[in-house]
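Down below is the structure, laid out as C-alpha cells.
Heavy atoms only: backbone and side chains are in, while hydrogens, waters and symmetry mates are out. Convention: sequence-line order gives letters A, B, ...; per-chain numbering from 1. Given the structure is predicted, the values throughout are model-derived calculations rather than measurements.
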2 protein chains.
Amino acid sequence: MSGPQISSVWLREPRQSARASGRSREEIVRATLELLDAEGLDGLSMRKLGAKLSAGATSVYWYVENKDELLELAYDAIWGEISLPVPEEAGWRETSSTFAHSMRAVILAHPWMAALLGRLPALGPNALAMADLMRRSFRQAGFQGLDIDYANTTLTAYVFGMVIPEVAWQQTMGAEEIDPKEMRETFARVAKDFPDLLDRLTEVNDLPARTVREISFDFGLVSVLDGLEARLHRSRESPFSL
Amino acid sequence: MSGPQISSVWLREPRQSARASGRSREEIVRATLELLDAEGLDGLSMRKLGAKLSAGATSVYWYVENKDELLELAYDAIWGEISLPVPEEAGWRETSSTFAHSMRAVILAHPWMAALLGRLPALGPNALAMADLMRRSFRQAGFQGLDIDYANTTLTAYVFGMVIPEVAWQQTMGAEEIDPKEMRETFARVAKDFPDLLDRLTEVNDLPARTVREISFDFGLVSVLDGLEARLHRSRESPFSL
DNA sequence: ACCTGAACACCGTTCAAGT
DNA sequence: ACCTGAACACCGTTCAAGT
C-alpha cells in the first residue's frame, strides 16, 4: 500500500487536533521567520525557536517531524510574498519578467532562502500556485506538452542561479565595509596570469556594484526570454519538428 | 594599508615552510575529497578528516584557517576536472555547450558541490582558468566590454540553477527506491486545485526521469545560447545602442 | 614548524515521563 | 493532546602545551 515517499510536510496530515489547544502552525512559522530574518539560516536552531515560543527546547517536534519540515513551511511562506499578474492579460513575457524580478527581490530580502533554493521540495500551496500560474502563462504563450515545463524550468533555473551568488556577495560585502579599490588590487594580484580576466578590471568603470548586478540580471533575463521566444517561433513554423 | 578583505584561502600565503616537514596541501585536499565523495558534505568534519590523516582532531587548523577554506580547496580541485576546447577553434557556441554539459556532469558526479555553488569565492587557479577561457570565448563571439561578463554570468547561472535541483532530486531518489506510480498519485492529491499542474502528469508519458532531465537541460541551454546570439546580432547592427 | 588534547559553546534528535 | 528535560552523539573552533 505505501512504499517510501518523498518526505515533505505537505504530504502528511498536520498532527493537530481540530480544537487546537496548543500552538498553531502559523504561530510557529511566524517565529521561525523572525529568527531566520534576524539571524540567518545558521541562527535558527530548534532550541532557540523553542525559547522564542516560550516552550521547551524540543517542543516543536510535536508539530514537525524534523528541522527540514520547519524550513519547508518557512520556504513556502516566503513564496507567498510574490505577486504575479494575470498571464492572460499581461502576456507571457511580462509575466515571466515580473516573476523573475519579484522572485529576486524576495530572496534578496530573505537571504536565508538562497541556501534552500532547489534543495527543498516545493510542494506548499504558494509554490504550487506559482508553478500553476507560470504553466498557464507558458501554455498561453504557445508552448505545448513538456515544453511548457522546460520553459518554466529554464526561467526558474536562471533566476536561482543568478540570485544565489548575489546573496553570497551581498553577505560578504555587508559583513564589513570592504574597500573596493583594495579589492581590485587583490584581484589583480590573484588573476595576474589571466589576461582576459584582468581586462574586466578596466571595464568595470565605476558603476556601483548594485547597479551592475541589476543590469546583469536584466541582460540575462532578456536573453533567456529571447531564447524561449525564438523556440516558440520555430515550433510554430513546424509544430511536429521534435 | 589593509582594511578588511574578502576572506579566501587563495588570498593569503600558505603557512607552509619551504622544506615541508608536515602534510602537503595535496594530501589534505585528497583526503577531503575522499571524505566528501564518500559521505557527502555533512559527512565531512574536521575530526573525521584529522582521523583520516592519522592526526589529531584539530591538526588541520594549522594548514587552514577554518572549514570554509578547506571547502574552497576542494571546490577548486573539482573544477580542475572540467576540460574545455580552445574557443578560437571550437567557436563560442560549442565552447559554451561543452562548458555547460561538462560542468553539469562534474557536479552530478560530486553532489556535495551543489551546496557550494555560488556560495564560496571562486578564486582558485582552476576556477580562474575557466573564467578566463570563457571570457575569451565570449569576446571572440563578438561581445564587448561588460557584455562579455554578462554573457558568461548568464550561462553559468543557468547551469547552476539547473543542476542544484537535479542533485537534490538525485539524492532523494537515490536514498530509497521510490515508486513512480505512487509518487504520481501523491502529487495528484497535493495539486488537486491546480489544473495546469495536473496536466503535467498526463504529459510526462513514460520517459525515464533521467532522460527527461537531459532533454530539459538541453532545451534550456539552447534557449540561453539562442538568446545570447540574438543579442549579438542586435548589437552588431547598432554597436552603440546601449 | 608542526601537532595534540582538553575545553567551550553549541548542534539535531530520541524518548521516557509528565499533565 | 501537548509539553518537558535529560541524554546521545555529534559539531567548529580556540588555545595552552608539547616536541
Seminar exercise, completed: Leu49(B) CG to dC3(C) C1', in whole Å, measures 14 Å

Seminar exercise, completed: Residues passing the salt bridge (charged side-chain N to carboxylate O under 4.0 Å, His left out) test with Glu34(A), sequence neighbours excluded, are Lys52(A)

For this session: Return the value, rounded to whole Å, for the distance between atom CH2 of Trp62(A) and atom C1' of dC3(D).
Result: 10 Å

Exercise. How far does the P atom of dA9(D) sit from the matching atom of dA9(C), given to the nearest Å?
Worked result: 23 Å

Seminar exercise, completed: Taken to the nearest whole Å, CG/Leu35(A) to C1'/dC11(C) is 14 Å

Exercise. Which whole-number value in Å describes the distance from Leu70(A) CG to dT13(C) C1'?
Worked result: 14 Å

Identify the pairs formed between an N or O of the protein and an N or O of nucleotides 4-6 of chain C at a distance under 3.5 Å, and give each distance.
{"residue": "dT4(C)", "atom": "OP2", "partner": "Gly56(B)", "partner atom": "N", "Å": "2.3"}
{"residue": "dT4(C)", "atom": "OP2", "partner": "Ser59(B)", "partner atom": "OG", "Å": "2.3"}
{"residue": "dG5(C)", "atom": "O6", "partner": "Thr58(B)", "partner atom": "OG1", "Å": "2.5"}

For this session: Check every strand shown and say whether Leu53(B) touches a base, only sugar-phosphate, or nothing at a heavy-atom separation below 4.0 Å.
Result: nothing

For this session: Using the C1' atom as the reference point in each nucleotide, state the distance between dA16(C) and dC3(D) in Å, no decimals.
Result: 13 Å

Exercise. Between Arg135(B) and Asp199(A), is there a salt bridge with N-O shorter than 4.0 Å?
Worked result: no

Exercise. Has the side chain of Asn152(B) got a donor or acceptor atom that lies under 3.5 Å from a matching backbone atom of Met134(B)?
Worked result: no

Exercise. Any side-chain N or O of Tyr63(B) less than 4.0 Å from the OP1 or OP2 oxygen of dC3(C)?
Worked result: yes

Exercise. Going by an N to O cut-off under 4.0 Å, is there a salt bridge joining Arg210(B) and Glu166(B)?
Worked result: no

Exercise. Looking across every strand, which nucleic acid part, if any, lies under 4.0 Å from Leu44(B) by heavy atom: base, sugar-phosphate, or nothing?
Worked result: sugar-phosphate

Exercise. Atom CG of Asn66(A) to atom C1' of dT14(C): distance rounded to whole Å?
Worked result: 13 Å

Seminar exercise, completed: Output field dot_bracket for DNA chain D (Watson-Crick or G-U, both distances under 3.5 Å, | for other-strand pairs) contains ||.|||||...|||||.||

For this session: Write down the distance between CG (Leu41(B)) and C1' (dC10(D)), rounded to a whole number of angstrom.
Result: 16 Å

Exercise. Given atom CZ of Arg47(B) and atom P of dC3(C), what is their separation to the nearest angstrom?
Worked result: 18 Å

Exercise. Is there a side-chain contact between Met183(A) and Asp179(A) (heavy atoms, below 4.5 Å)?
Worked result: no

For this session: Search all heavy atoms of Pro111(B) against all heavy atoms of Gln170(B) and return the closest pair with its distance.
Result: CG-NE2, 4.2 Å

Exercise. Which class fits the ring pair Phe160(B) and Trp79(B): parallel under 30°, tilted 30 to 60°, perpendicular over 60°?
Worked result: parallel

Exercise. Do Arg104(B)'s NZ or CZ and the ring of Phe217(B) fall within the cation-pi criteria of under 6.0 Å and 45°?
Worked result: yes

Exercise. Is it the case that Trp112(B) and Asp42(B) place a side-chain donor and acceptor less than 3.5 Å from each other?
Worked result: no

Problem set entry | d(CD, Glu39(A); P, dC10(C)) in whole Å | 11 Å

